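Just follow the structure's listing: the first ligand is 1, and inside any ligand the first atom is 1. Remember, predicted model here, so these are calculated numbers, not experimental data. Scope of the values below: all heavy atoms of this structure, side chains included, with no hydrogens, waters or symmetry mates.
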Amino acid sequence: MNAPITVKRLGEDASKFVAKEKKLFIDGQWVPSANGRTIDVIDPATGMIFDRVPDGASEDIDKAVAAARKAFDDGPWATMTPADRGKLVWRLGDLVEKHADELAQLEALDNGKPVTDARMGDVTFSYELLRYMAGWSTKITGQTIPLSSGAPFHAYTLREPVGVCGQIVPWNFSFMMAVWKVAPALAAGCTIVLKPAEQTPLTALRLAELVEEAGFPAGVFNVVTGLGETAGAALAAHPDVDKVAFTGSTEVGKKILDAAKGNLKKVSLELGGKSPMIVFADADPSVAIPAIGYGIFYNMGQTCTAGTRLYVHKDIAPTILAGLKDFAAKMTIGVGLDPATQIGPLVSQEQFDRVRGYIQAGLDDGATLLCGGGRFGAEGYFLEPTILTETEPHMSVVREEIFGPVLVVATFDDDGFEEIVREANNSIYGLAASVFTRDVSRAHKVAKKLKAGTIGVNTHHVIDPALPFGGFNQSGWGREQGYEAILLYTEVKSVGVAL
Ligand code: NAP
Ligand code: MG
């Protein structure tokens, strides 16, 4: 491990941003929080405080929602043509690309993730998504509907923006999760109050600067940094918010639902996962091993779609497990800001303790440690990539979302697939799943049977701006990406004209 003061590794632009005093972005203005308090921002590679952001709470949320309401109801945004709206969203994509290295560095410092992944993954996906959604601005349409009763009406539907959107995002892909929500909402003509996670607030504030630079009207996009229990809860419950979009844990997702009840605001939820990966005896190990390795260890396993449960046929298990052990051993562990790093620290002490607690629970329950399990280095929240074998369905490591670099493995000897698919589907979650086989027919049959929002065949992580993303079961409500995301941010209105 290298320099303890990782902040020194930032480029000039990111350094300048970190050095700035942080404020909330409300109605096109940079303002302190009403209570004047701040939250410390911690570098997970060292555990040291390197910045502070406003501790926004309900009074700030009220102001931000009022600004978003005004911008939605009567600002220039309300009358802007779809083409002009699309141009602004595209311009925001261009600005994100222009500042991609800086954004990736800020994310790597704040979250701990490998800067190369942040640049090639989070930030690249974000500007591509902004451009993809910009294109939808001019293509949102209703339908002309022939009435089934033959009533003498000319009937049609209008598809209109849903209104003021509260958007609450987690720390694992903080910038990208924000853009996943912001891009379709802006393309659809909504206005936004965004609440980033307390652990990783920086890139949302930098995004607000870019929104300002792109030339969006005041009040269209607002950012309130703060805690979930205060700022987040106030936003989810606010009577003047028309929709709340949340990404985070299933537990907090249920609280969002409760909070949304007051005015029955629309709700979309992207929640946790415990995604299975099934490897049949005919799988190609040279394909399966790296796909499974990245499937679990990408972003230190702090990925909602992470392939966390591996079911491998006993005939191929020795080859796959030896390959995965080798894959894990070769991953470069280090500070996120080092471009060679593949495994950075976990996001916080809390997360580090939680993940280690799960590993210990798995061992106590009788699982076998194939590799990892230990702390790496003397400071920060580094954990070795970990594989537990000989796991059983009842163990907490198999049932619960760990959200860390921990793969749990079980073998099977069924040459069909019904039984193993049933086991793979035996979860409260249903976000992603994958199957590895050279049998095309079996691949399609298994893909059809798996209960998850995204299925990989001979690959695990499958995401694209055009491809719907979301969860079955308790992994969520609604789909982001693609045209589905536009549907999440619009309402349908039926109009009948008496003829
Ligand atoms: P989290 O604790 O649920 O927090 C997510 C966000 O909700 C944060 O901004 C948090 O604020 C806020 N929050 C907390 N309590 C709240 C409340 N009572 N009312 C309103 N907002 C509240 O999740 P996390 O630990 O940050 O992220 C990890 C989770 O996200 C995992 O379960 C993961 O699977 C899930 N995730 C899902 C997807 C997906 O697309 N399905 C993608 C990424 C992550 P604070 O930061 O202040 O707590
Ligand atoms: Mg949290």
In ligand 1, which numbered atoms sit nearer than 4.0 Å to a non-hydrogen atom of [X]?
| X | answer |
| --- | --- |
| Lys255 | 18 (N) |
| Leu431 | 41 (N) |
| Phe246 | 3 (O), 5 (C), 6 (C), 7 (O) |
| Phe469 | 40 (O) |
| Thr247 | 5 (C), 36 (N), 37 (C), 38 (C), 39 (C), 40 (O), 42 (C), 43 (C), 44 (C) |
| Leu227 | 47 (O) |
| Gln199 | 46 (O) |
| Ala233 | 19 (N), 20 (C) |

I'd like to know if Asp258 pairs up with Lys261 as an ion pair, taking the criterion as any Lys NZ or Arg NE/NH1/NH2 lying under 4.0 Å from an Asp or Glu carboxylate oxygen.
yes
Any nitrogen or oxygen of [X], main chain or side chain, under 3.5 Å from a nitrogen or oxygen of ligand 1?
| X | answer |
| --- | --- |
| Thr250 | no |
| Gly228 | yes |
| Lys195 | yes |
| Asn172 | no |

Please evaluate residues Phe125 and Phe173 with respect to the criterion side-chain contact (heavy atoms from CB on, under 4.5 Å), reporting the C-alpha separation (whole Å), side-chain torsions for both, the decisive distance (0.1 Å), and the verdict.
CA-CA 11 Å; Phe125 193 98; Phe173 292 88; over 6 Å; no
Ile168 and ligand 1 - part of the residue with a heavy-atom distance under 4.0 Å
side chain
Considering Pro170, Gly471, Gly232, Cys304, which one's heavy-atom position lies nearest to atom 42 (C) of ligand 1?
Cys304
Relative to atom 46 (O) of ligand 1, which among Glu270, Lys254, Glu198, Gln167 owns the nearest non-hydrogen atom?
Glu198
Would you say Val182 and Ile192 make side-chain contact, with heavy atoms under 4.5 Å?
yes
Report yes or no: is the cationic atom of Lys181 (NZ for Lys, CZ for Arg) closer than 6.0 Å to the six-membered ring centre of Tyr489, at no more than 45° off its axis?
no
Partners of Leu487 by side chain to side chain contact (heavy atoms under 4.5 Å, CB included), sequence neighbours excluded?
Arg159, Tyr483, Glu484
Residues two or more places apart in sequence or in another chain: which of them pass side chain to side chain contact (heavy atoms under 4.5 Å, CB included) with Pro161?
Phe72, Cys190
Output, in order, the C-alpha distance, side-chain angles, deciding distance and verdict of ring-ring contact (aromatic ring centres under 6.0 Å, His included) for Trp171 and Phe403.
CA-CA 12 Å; Trp171 46 258; Phe403 225 55; 5.4 Å; yes
